[in-house]
Structures are given as structure tokens and as C-alpha cells.
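Presented below is the structure to which this report refers.
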Amino acid sequence: MAIATHNERLRHHFDTAEQQEESSTLGMWVFLLTEIMFFGGMFGAYTVYRNMYPDAFASTSRFMNITLGAINTVVLITSSLTMALAVRSAQLGVKRALILFLVLTLLLGCIFLGVKVVEYHEKWVDHHIPGPGFRYDDARYFRQAQILFFLYFAMTGMHALHMIIGAGLLATLIIMARRDRFSAAWHTPVEMIGLYWHFVDIVWIFLFPLLYLIGRTR
Amino acid sequence: MSTIFEQPRVEAPANYLNVDYGWKSWLFTTDHKRIALLYLFSITAFFMVGGAFAVAMRINLASPRGVFSADTYNKLFTMHGIIMVFFFLVPSIPAVLGNFLIPIMIGARDLAFPRINLLSWYIYIVGGIFALWAAFDGGVDTGWTFYAPYSTTYSNTHVILTAMGVFVAGFSSILTGLNFIVTIHKMRAPGMTWMRLPLFVWAHYATALIQVLGTPVIAITLVLLALERILHAGIFDPAVGGDPILFQHLFWFYSHPAVYIMILPGMGVMSELVTCFSRKGIFGYSFVAFSSIAIAVVGFFVWGHHLFVAGQSMYAGTVFSLLSFIVAVPSAIKVFNWTATMYRGSISFDTPMLYAFGFIGLFTIGGLTGLILATMALDVHLTDTYFVIAHFHYVMVGGMVMAYLGGIHFWFPKITGRMYPELWAKFAALVVFVGFNLTFFPQFLLGYLGMPRRYYSYPEEFQVLHVMSSAGASILGVGYVIPLIYLAWAWRKGPRAPQNPWDAKGLEWEKAPSPPPTFNFDTLPIVTEPAYNYSGEPEKEEPLAGEQRGDRHA
Amino acid sequence: MGELSPFPVRASAAAGEVDALYFFIVAVSTIMTALIFFVVLSFAIKYRRRSPDERPRPIHGSIPLEITWSVIPFGIMLIMFGWGTKLYFELYTPPKNALDVYVTGKQWMWKVNYPEGQREINELHVPTGRAIRVTLASEDVIHSFFIPAFRTKHDVIPGQYVAIWFQPTKPGRYHLFCAEYCGTQHSTMGGWVTVMEPADYEAWLAGTERGASMVEEGAKLFQQFGCANCHVLNLTARCPPLGNVYGNPVKLEDGRTVIADEAYLRESILNPNAKIVAGYKRDVMPSFQGQVSEEGLLQLIAYIKSLSNPNERRP
Amino acid sequence: MTRHIVPVRTYVSVYAVLIALTATTVAVSRIDLGEFNFIVAMTIAVIKAVLVIMFFMHVREASALTKLFAGAGFFWMAILIVFTLSDYLSRGWLPLGQWWR
Ligand code: HEA
Ligand code: HEA
Ligand code: CUA
Ligand SMILES: [Cu+2]
């Protein structure tokens, strides 16, 4: 492929475009490693409390809206697909398809966030937001439930924050793509943000069963 | 497939320092060497602030009834610990010497992500501003460990602000580590195989792994802490059903490995110093190299040794104790290999080597007292006493700060192009050594006698040893101020340094001028011999297979 | 104590053992340190640079040596580990027939309750020659109960009981410290432990003003909180009888068996659904979390303990 | 560049499997399997994650180094969780005064 013509993309301290791209990919994976550990702290806390208060946990999971959660899972997985296709279009250098798939991904991301807002609103109406206003009908589990809702909000909140950042990045990509910044030879940002987006998807793949599904039958 | 990128050959300015002037050329630089200097000045400032807090603490402790109020003292040690750990020692060697040297040592023009490198300095400064703001606007009094539920519910100081400072600074550390990992993997010069890397680079690779794997956990822990402080939902608060020990687990999951962030780079410096001033290759290269990785990895499995009396299960404690002993083995391997390197060497007593001697001695004492603490029955008596204080100052100040000073002296000619006054430097090294031992040795005795830490006043029978310690601290303080003065002087007025004043091996000495030009080398080096080839003997083995070479195809 | 001794007073049975272990490790460490110093210094002198262009011959390393200096130190460390672990379990495993004392930490004082009803603040009186078991609780933050002369210490964690023990051997007055940072007056949260000969101790107990004993107080609370409505002695229908519960194994609904210690009783009161006794229903007993104070809990537990005869098994 | 371009079919079939697995995990959550609910849900989640990592994130074709780093993250998270949990799970093991003496 024609790389030599794209030397303006090569930053001064690299020797070859290949080296530059490998560096970006490795850098992105190392970054995702830190993201895993970042969420890992919360998954650790979750595991401890779920193990400590299984009954309370079962009780709170009844208040999670499975339908919305499942819809969101589908939405997010679909957005992962469109993202993967966006990356593919970038690899092939098809600008229109790239923009189309990026816009679709962004759209799905926004739908996800919208559904999340609905869910948060439900929690707000039910007084399930931890803090002074917290209420829980089952007095036996009041305290434990609050911890579990705290974890629910911390985990989904951090996830949503990542989604918002991801949406911002997607918007930037769309602008860049429209300005013809990408080509089949150079589209590293699309690949990197793609990796990030899939990672955020994976976090949700774990959050969904952990927060919504397990313990429901108790 | 690859293509060679034509490096534009402009009339090269003399070096990275005089290539451009004005504050913009510094604040917007992406040159790793200039960023290293930005770090150098900022961490020195933080060291002075942290040191000033230490001075105030030692003044207070000279009298059994204390000089300041209890509240002031509590804020002093908290801010001392936080600033020294997160804003001085964690970035010290990596962000200054590592930043400056790693690209040169592996034969690269810069780190893989120069703009991220600059960004990490800005992030560090923002974090530092948060911390200083908290410190000077009333302070914070939780101890650097932020234990819940005191920090979440009871303290009414700037806990959130400080936690955010540490949180932000953490990202700076993460980005530095990320940059190092990618650079070491992808930017090595042709011929620079893994087994030819200087041990300084190996040590930084291990450090970077810890930074990347550990720091995010403290970040999220501090976020949870701050949220809990706002909401009181009880995640760490037993009054509401939470478990305070969970906080300790999460905190030490980072903070124990972090102590290895605070020693491994020093060990890397040591390997450079010992070989250079013995004029001899390192004894057991691969053992020294892999022991760094072993420390970084096993260092993640031992955090529970901070919780032996905290209510952790005794069985978990047993496992953590055993693993703490295991992690000591690679440290021992390093100490023995440095010693063996000196055997039949040609040892000179330049200032950096004096610091290296200091490191070996003091780190050994600090490490062995770590073993005493890892012995559970003894930790029951010793935890939260001055014995712990003495232990970690021996490793952190006696180990890492000594290595840092040794490294600064060693690479000063490279960084500034000037020589420092040798006589003053030797004198200062001696003062630091004496002052250090006088400050911290009495604290071992205090600790076993039962003097608890974080006490602003104490029973009178402990006063003698405390006064000794305070006296030592004033000597130590002088010992730190002297280098500051003569190094500042030498930077402007010192005699010009040749490219390789120590007759040392390594690309930074052999291939890069002092000070180096912006892209480090006039012509890109190709490596043909192992590290520390002081005798100049030809390499026996065949050069390693293709992909084991430097990943850079030139 | 000699003024210059590096060891604090040894006033408990464990102190000597801890000191012996400490002495051993310090001796090993000193030998190792001296050895390393000696070798480093003698190399430094012997192989000092004599002419500026010396080029020593390279020595690449030696695998047998590397193995030697990893395995031998590790062997020594295993001794430290084994000895330290054994002693640790002894330090933290109270014997069965120990004398009970209850201590509650609170910013910034130690409240001491004796079973017979005496109370003190920042003072603890104990006799020689008997194992003393201290049950620790905290009303606010984490504290740490530290008596250097006994070489013992444990964090006092809110929401949890910790029992430590010691056997005083030497009459005298010793420091009691709070070793975990707990706020502004952490440094002054301490007091004294007075060790007395058993006879003196009895005299002291008799001469000290006492309120109702902990068991009596606990019995009162047992009525007051309505526990007695359900837990009628020997009526097994709705609730388990509380006679001979303490110290005995309890079979749980989920098949596990636990020993009913203080922590179990505490949990049963504060969070009854956490462990359901086999044959009974969950959700019958209400939680008393937030209603009973730490001291009240200790008294309730003392009362329940008084219903147990150590020599009898549960019916 | 030498990068291999994955056919759309692959992406779409992976997507179909992911959706099917989502449906399965929701369905299974309605059946009471005791502790197995947890195991089933987590197994499905892990399979989904691996699919995303391997196909969408191109780790299948990536270098050994990338694979190593991708694996390391999950391994380290496991360390965090397992070691922390080892404390909580073994806390009750020591009955009063009956062990050791
Ligand atoms: C640079 C920092 C650093 C380093 C390198 C270390 C290294 C070690 N530390 Fe330290 N430690 C701290 C910084 C550090 N520590 C800090 C800051 C705290 C307190 C935090 C707080 O509470 O505020 C602490 C606290 C601390 C505790 C908890 C104390 C307590 O609060 O109760 C323990 C317990 O196990 C411990 C153990 C160890 C061990 C086993 C090592 C080992 O890695 C040491 C290994 C080295 C050697 C052993 C020496 C060389 C070996 C030889 C020469 C071989 C000869 C040996 C034999 C024959 C046996 N440390
Ligand atoms: C990297 C880490 C690092 C470093 C370098 C130091 C350096 C020093 N530390 Fe620090 N220390 C910690 C990390 C560090 N410390 C930590 C983590 C804690 C635990 C905190 C906690 O419990 O939460 C601690 C706690 C701690 C205590 C225990 C407090 C207590 O528990 O009550 C003491 C007491 O002596 C102490 C002393 C010193 C001294 C004398 C120095 C000396 O080496 C400092 C020498 C430096 C100077 C003297 C500065 C030179 C500059 C000047 C002289 C200019 C001065 C200007 C003015 C006075 C205006 N430290
Ligand atoms: Cu109570 Cu310190
Ligand atoms: Cu540690």
C-alpha cells in the first residue's frame, strides 16, 4: 500500500509508519489495561458485598429494570458492530461508509445513554439514590441495599461517563472523517477509538448480568 | 513492509537547552529532555515543601508535650506523607531521569508519545495544585493512608480536595508508565535487543508495569471514598453496614506495589553506578534484569502485610506474610550481584559511587527491617510504631533518595553539560549519610520500645531518642540544601563537561553529546555489543534472531 | 527495666517469646548487614582504582552462586516465617477459661467494663497469673489497642468484635496506647494498665464502686428490648432457646455449622437474617441495628453468655 | 499495510451470536438454578467478552504482545478480586480458642 505518500502523518521521532502504528496499538492496549483495573476496583468491592449480603442483593436486583437493561445490552452490542464496520470502512478507505457507521455508532451510544437516563429517573422516583434521601421498603435490608445501590450507581455511572467520553470522541472522528483526514493508509484514530468503544461494551457485558440478572430468582 | 522516513537535516542547533529560549519553548515543548527538566524543578519544589513539613514535625517532636497543636501536627504528617509519596518520590527517578535517559539509552529520538509526556506533566501540576491548595487552605488530617471511616465520616478537613489531587496525579503516573512501556517495546535502536538493554531500562519497564496496573485501583478507590464522604451510603462505613477493611484492601493493592515504584528505579540507577565506577560489566545480568520484573509481579501479591492486625483473616495474613518473604528474594539477588560486580573491579570513589555505597548499606537495613515487619508475630508489636517509620524511611530516603541524588550527580554532566564541584559533592554526601542515620536509626529503637506513630506528644521516656532524631534531621536538611546550592551554581558556572566524563558505557555517554541535541543523536546509533561492555571484549554469541533485535528497522 | 535496654518491660507471658524471635531476626539481620558492609568495603579498598586506564577483566556471572544466595536467604526467611506465624496464632488465640474484660474505644478514650459491673476509663486493672481476654469494640472509627509491655495490639474495628488476650506476669503500671490514627486527640487516647497480684486484684475489685454487673444490665436490656417475648427459656416453638448457645456449635439453615462466639451473637442481634438457625424462619426476629449501643450489646451478650454452662452441650 | 481485512460476514455472525447469548442469559436468569445462576451468567458474559475481544477488537490476528497485554488486564483483576476475597472467605474459619493449642 502506498505509505510513502503519507509521510506527513509520520511523527518525527518514528522511523516507519509501521512502527508508529504498532506503537499506537500497544499504547491503546496498555491504556485499556489501566481501564480494566479501574473498573476492577469496583468489581472487587461488588464481589465482596455480594458475598457478604446475598439476600439483600437478591432483594435489590428486583428493582433493576431488566427490560431496559436488556434493550441497552442489545443497543450497545449493535453499536459495537457498527463500530467494527466503521473501522473496516476506514481500512478500505471508503469515506461515506465510514461516516455512516460512525454516525450510527454515535446514535446508538446516545440511545444507550437516553435509556440510562430513564432508568436513573426511575431510581430517583423510587428514592433509590444513595444518600440522605434513600428509602427502601424492605426495612431489613435498608442499609445493605443502600450499599448495593451505591455500587450500582458507581459502576453504571462510571460506565456512562466512559460512554459520554466515547460519544465525544466519535463526534470528533466524524468531523475528521468529513474533512478527509483518514485514508486506507492512515486511520489510526478510528482504530484506537474503536478499541475503546468495544472495551466500554465489554464492561457493560459484565455489568448487565451482575447488576440485573443474578439473584433475581431468589 | 517499511519505508525509511527522511529525517530533515537542518543546521542542527548545539543542544536541547539552547535550541530555543523563552517560556513558551519550555511549556509547550515535547522534547523528553525538556519535560524531564520541568519535572526536575517541580518535584524539587515539592520535596522542599514536604521537607519543610518534616522539619516542622521534628521540631514538634523534640519536646514530649509538642510545640504545635495536635491538629496542626496531624495535618503536618498527612501533608508530608502525601506530598513526599505522590508528588516527590513516585515521579522522582522515573519522571526525571527515566524521562531524560530512556530514549537515549535505547537509541530513540524521543518517547513514543511526546505529547502525552507533556500532558502528564501538566496533569501532575494540576494534581499538585489541588494538594497544595488543600494543604495551605486548612490542610487535611487523615494520614496519607486515608483510612475509612475516619476520612469518610469524621474528619472535617479537605479530604475530597486532597483525594482529587492524588487522583489526578495518578493519571500522570499512569501516562508516564504507558509511555515507557510502549517506548521500550517499540523504539529500540537496531541491535538493541532485550538482553542488551541497560538495567536502568529494565528497572523502569518493571516500574511502568506497576504504574499501569496499580494506579487505576487507587484512583477508583479515592473516587469511592469521595462519593462515600458526600453520600454516606456506607460502602466503607460499618455504622451503615459497610466494611472499612475493604478500603484498606483496595488502598494497599496499589500502595504496596507503589513502594516498589519507589525503589525499582533507584535499583536501576544503582546498576548503572556500580558498573561504571567499578569499570566492570554487571555480575549476573539476566538475574538483575529479571529480578526487577519479579519484584514488580510478586509485589502485587503481598499487600495484606499491612493488615496483620487490622482484622484481616489470619489465614489470609499467613499467605501474605509468606509472599512478603518471597518478594524479598529478588531484592537480595540484586544486592548480592552489585556486590559481586565490585569484585576485581577498578573502583573509584566519585560522588555518585559514594551514594551507591550509601544505597547498598541503607537499603539492606531498610529491607531487612521489612522482613521483621513481615514476620507476623513481630508486626503485632511493631505495626503503627516508629519502627515502621524507620523501616520505610530507610528504604525510601536511604534507598531511593540516595539513588536519586547519586543519579542526579552521575548524569549532571549529560543533562547540563557542566561538571559539579567534586569536593563539595563528597562533603554533602557524607553529611547526608551521617544525618540520615542519626535521624532514623533512633526510630527503630523508639519503635520497639512502643512509641506509636502519628503522635504529637508522647511519654517523657522517649524524649532522648526523639531529640537525637530531630538533631539528625537538621543535619540531613543541611545535607540536602548544599547540593541544591552547588548544583545550581555549577549549572551556570561549572566547568564544561566532556561527552563522557566518567568513561562510562551506554549510548547516552558514547553516542550522545553533553548536552544532547533535540533528537538526541547526530546519527542514529546501531548497537553491536551488550550493555556494560567495559572490557571491550567482542561478543561471543551470535546476534540474536531477527525479531529479538531492536524492533526498529532502520 | 534498664534505662538503656532496647527491650521494653516484659510483663506478659508472650513478651519473652516475641523478644526471642525479635532477637533472632535482628541477629540474623545484623550478621547479614555486617557481612555485606564488610564485603563491600573490602572490595572497595582492595580493588580501588590505582591507575586511570585500568580495564578489569569481565566476570559475567555464575549460576551456582546465584542459586546459593537466593536459596540460603530464603531458607533463613522460611524460619522467620514459620516461627513468626506460629507465635502469631498463639498471640491471637485466647485460651478457653480466660478472665473477661470488655473494652470499648471511642474518640478519644478507652471505656473498660468488668463483668462484675466495675467501670473505668483509660485504666485497666488485671491480675497476674491468669489469661485475660479483652473483647474490643469501637463506637466510631478504627482505633488500635496497644500495650507494649505485653507485646500485643489489635485494631478495634467499628461494627465488629475482636478478642485479644494476654497473661500478665509482672505487677506494675504499663502504658496503654491507641496505635491507629483516629483523629485529633489520637496521641492522648491512652492510659495505664495496672497489673496486680491476684490478692491485690481481688481487693481492688471489692473496693471499687460497682454498678449492676454486666449480666444484670444485660438481663434488663433483654426485657426492655422485648427479647424475652420470643426467647422464652426452653420454649423452642418460634425461637431458639438461648441457654447453652454461647461457645457451642450452631447448625444453620444452609447446612453450615458455626461456633456461637461473641461475633456470632452480635450478628444475630444486629442482622438476624445473616445466619438462620436450622429449623427456624428468617424474617421473624427484627434487626436491632442502631437501637442498642455498643455497651448495651456487650451487656446483652454477657447475659446470653451467662445462660451457658461451659460444661454442658446444647440440648 | 499488511493488515488483514475481516469480511463483513464474520462481524455479522459474531454479532448474531452475541445477541443470541444475551437472549440466553436473560432467559436463564428467570429459572432458579441456585448458585448456578451466577456461574451460567458469568460464563456467558466471559464468552461474549472473548468474542468481542477476539473479533471486534482484532486480537485474533494481533501480535503475541497485544494478546499478552489483553490477557494481563483480566489476570490482574482476578488477582485483586481473589486475594481480597480470600480474606473475607476465611475470616470465619478460626473457631474460638480451639485451634493450635
Ligand atoms: C521504597 C519503599 C519500600 C520498600 C522497597 C519496602 C520493602 C519491604 N517492605 Fe515496606 N513499607 C514501606 C515502604 C517500602 N517497603 C512503607 C512506606 C510502609 C508503611 C506505610 C504506612 O503504613 O504508612 C511499609 C510498611 C511495611 C510493612 C507493614 C508494617 C506495618 O504497618 O505494620 C511491612 C510488613 O510486612 C513491610 C515489609 C517490607 C518487605 C518485606 C520489603 C522487602 O521488599 C524488602 C526486601 C529487601 C531486603 C530483604 C534486603 C536485601 C536482602 C538481603 C541483603 C539478603 C539477606 C537476607 C537474609 C539472609 C534474610 N513494609
Ligand atoms: C518519600 C518519602 C519521604 C521522604 C523523603 C521523607 C523524609 C523525611 N521524613 Fe517522612 N514520612 C513519609 C515519607 C517520607 N519522608 C511518609 C509516607 C510518612 C507517613 C505519613 C503518615 O503517617 O501519614 C512519613 C512520616 C514521617 C514521620 C512520622 C510522623 C508521625 O508518624 O508522627 C517523621 C518523623 O520524624 C518523618 C520525618 C522525616 C524526615 C526528617 C525526613 C527528611 O528526610 C526530610 C529532609 C528534607 C529536608 C529537611 C528539606 C530540606 C529543605 C529545607 C531545609 C528547607 C526548609 C524550609 C523551611 C523550613 C521553610 N516522616
Ligand atoms: Cu484511637 Cu487513635
Ligand atoms: Cu507493603
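Every heavy atom of this structure was used, including side-chain atoms; hydrogens, water molecules and symmetry mates were not.
- Within 6.0 Å of atom CD1 in B:I526, 12 or fewer heavy atoms from other residues, nucleotides or ligands are found, so the atom counts as exposed in its surroundings.
- With a 4.5 Å cut-off on non-hydrogen atoms, B:N520 does not touch chain A at all.
- Among B:Q211, B:H232, B:R115, the residue with the largest count of heavy-atom pairs under 4.5 Å with chain A is B:R115.
- A heavy-atom distance below 4.5 Å is found between the side chains of A:F31 and B:L178.
- Only the side chain of B:I174 comes within less than 4.5 Å of a heavy atom in chain A; its backbone stays farther off.
- Taking CD1 of B:I181 as the start and OG of A:S23 as the end, the distance is 13.0 Å to the nearest 0.5 Å.
- Of the residues considered (B:V212, B:I230, B:D110), B:V212 shows the highest number of contacts with chain A, using heavy-atom pairs under 4.5 Å.
- Per-residue counts of heavy-atom pairs under 4.5 Å with chain B were compared for A:F134, A:F149, A:Y53; the largest is that of A:Y53.
- The candidate from A:I147, A:L148, A:I129 with the greatest count of non-hydrogen atom pairs under 4.5 Å with chain B is A:I147.
- Contact check for B:M187 versus A:Q19: side-chain heavy atoms found under the 4.5 Å cut-off.
- Per-residue counts of heavy-atom pairs under 4.5 Å with chain B were compared for A:M37, A:M42, A:M158; the largest is that of A:M37.
- Contacts of A:Y49 with chain B are made by side-chain atoms alone, with heavy-atom separations under 4.5 Å and no backbone atom involved.
- Contact count versus chain A (heavy atoms, under 4.5 Å) is highest, among B:L227, B:L175, B:T221, for B:L227.
- For the pair B:K186/A:F14, no side-chain contact is recorded, criterion being any heavy-atom separation below 4.5 Å from C-beta on.
- For a residue to count as touching a neighbouring chain, one of its non-hydrogen atoms must lie under 4.5 Å from one of that chain's; by this rule B:E228 touches chain A with backbone and side chain alike.
- For the options B:G234, B:A112, B:P103, heavy-atom pairs under 4.5 Å to chain A are most numerous at B:A112.
- Between A:L151 and B:I235, some side-chain heavy-atom pair lies under the 4.5 Å cut-off.
- By the 4.5 Å heavy-atom criterion applied to side chains, A:Q146 and B:L231 are not counted as neighbours.
- B:F253 touches chain A through its side chain: at least one heavy atom from C-beta onward sits under 4.5 Å away, while N, CA, C and O do not.
- Taking both residues in full, the closest heavy atoms of B:L224 and A:A154 are given as CD2-CB, 3.9 Å, listed atom of the first, atom of the second, then distance.
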